[in-house]
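In what follows, every heavy atom counts, from backbone to side chain, and hydrogens, waters and symmetry copies are set aside.
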Amino acid sequence: MVDKDKVMAAVRMFIEGIGENPEREGLLETPERVAKMCMEIFGGLDEEPDVHLSKQFTAPDSELVIEKDIVFYSTCEHHLLPFFGKVHIAYIPDGKVAGLSKLPRTVEVFARRPQIQEQMNGQIADAIERLLKPKGVMVVIEAEHTCMTMRGVQKPGVKTITTATRGLYKDDFQRQRLFFEAIK
């Protein structure tokens, strides 16, 4: 749970620390706004993917499921700045499939936590593997990190692409290539 009072106190101190006046009209309600924002963008800390991925349907003849272009927004744990982009998921069911909305909901659980992209990638793949028990799963994330675009190296448009492979996708480069072609 986000401690609203602690966040508000920290934001007031931050405002003072950058040389601003927290009592100035435009900043007066900022601590409360930031606390509410934290409750929203870090809501995944209080949620588990099991709730979403437990809704499954029998599909004995299903060979491949791909959901692509799942838009997400997350927060880099190193700079507390946003990173955002798209998640693409492929899995080979073993008799069960998740409801179509459940993969994007699972992405949201992990995106709404402070972390790094590589960790989020693995968490999504692991949750799908653990809860759906597919024959294979592959997760690709492509994201832009504002810690690289608005500060530091300042290179807007640079995308970071990460992958996580499990089961049949682990060492099957032909299968991986087909998935990359499907998400172009």
Side-chain angles (χ1 to χ4, degrees), residues 37-78 81-149 156-184:
M37 175 194 69
C38 287
M39 293 167 72
E40 183 178 336
I41 68 174
F42 299 122
L45 290 167
D46 299 323
E47 195 176 355
E48 290 300 323
D50 305 44
V51 133
H52 304 297
L53 290 175
S54 63
K55 183 66 174 174
Q56 300 175 15
F57 303 96
T58 302
D61 299 326
S62 188
E63 294 182 18
L64 176 63
V65 176
I66 296 175
E67 283 200 43
K68 67 179 209 166
D69 298 331
I70 302 168
V71 174
F72 77 92
Y73 298 89
S74 193
T75 305
C76 166
E77 65 185 21
H78 298 148
L81 287 172
F83 67 96
F84 57 92
K86 294 179 180 177
V87 176
H88 314 287
I89 299 170
Y91 72 97
I92 303 165
D94 194 7
K96 295 274 189 182
V97 294
L100 291 178
S101 69
K102 304 313 178 194
L103 294 177
R105 290 182 191 279
T106 300
V107 168
E108 281 301 303
V109 167
F110 294 114
R112 292 178 182 235
R113 299 175 179 185
Q115 64 185 322
I116 60 173
Q117 179 176 332
E118 297 87 344
Q119 177 183 349
M120 184 173 119
N121 211 139
Q123 289 172 333
I124 294 167
D126 290 344
I128 293 169
E129 183 177 48
R130 179 172 53 84
L131 295 160
L132 291 181
K133 299 181 182 3
K135 295 175 186 173
V137 63
M138 183 168 174
V139 178
V140 175
I141 299 178
E142 51 183 302
E144 186 168 328
H145 293 250
T146 59
C147 58
M148 282 183 45
T149 62
V158 172
K159 294 256 192 315
T160 300
I161 299 173
T162 56
T163 64
T165 56
R166 308 289 187 269
L168 293 177
Y169 277 100
K170 187 70 178 163
D171 295 312
D172 189 335
F173 300 111
Q174 174 69 10
R175 198 178 300 271
Q176 291 177 23
R177 187 177 62 75
L178 291 172
F179 179 49
F180 277 114
E181 286 177 10
I183 63 174
K184 281 184 183 177

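Residue pairs meeting the ring-ring contact (aromatic ring centres under 6.0 Å, His included) criterion with at least one partner in residues 156-184, sequence neighbours excluded, do not occur; the list is empty. Pairs of residues two or more places apart, or lying in two chains, that qualify as ring-ring contact (aromatic ring centres under 6.0 Å, His included) and include a residue from residues 49-72 are Phe72-Phe83.
With sequence neighbours left out, Ser101 forms a side chain to side chain donor-acceptor pair (under 3.5 Å) with no residue at all.
Other residues, nucleotides and ligands contribute only 12 or fewer heavy atoms inside 6.0 Å of the NZ atom of Lys170.
A distance-only check finds no donor-acceptor pair linking the side chain of Glu142 to the backbone of Thr160 [under 3.5 Å]. Here the side chain of Thr149 pairs no donor or acceptor atom with the backbone of Pro156 at under 3.5 angstrom. At distances below 3.5 Å, not a single donor-acceptor pair connects side-chain atoms of His88 with backbone N or O atoms of Val140. For Ser62 (side chain) and Pro93 (main-chain N/O), no donor-acceptor pair under 3.5 Å exists by modelled atom type. For Arg113 (side chain) and Phe42 (main-chain N/O), no donor-acceptor pair under 3.5 Å exists by modelled atom type.
One side chain, Gln117 or Thr162, offers a donor N or O that lies under 3.5 Å from an acceptor on the other.
Using a cutoff of 4.0 Å between basic side-chain nitrogens and carboxylate oxygens, Arg177 and Glu181 are scored as salt-bridged.
Distance CG/Leu100 to NZ/Lys55: 12.5 Å, rounded to 0.5 Å. For the atom pair CG of Asp172 and CE of Met138, the computed distance is 10.5 Å after rounding to the nearest 0.5 Å.
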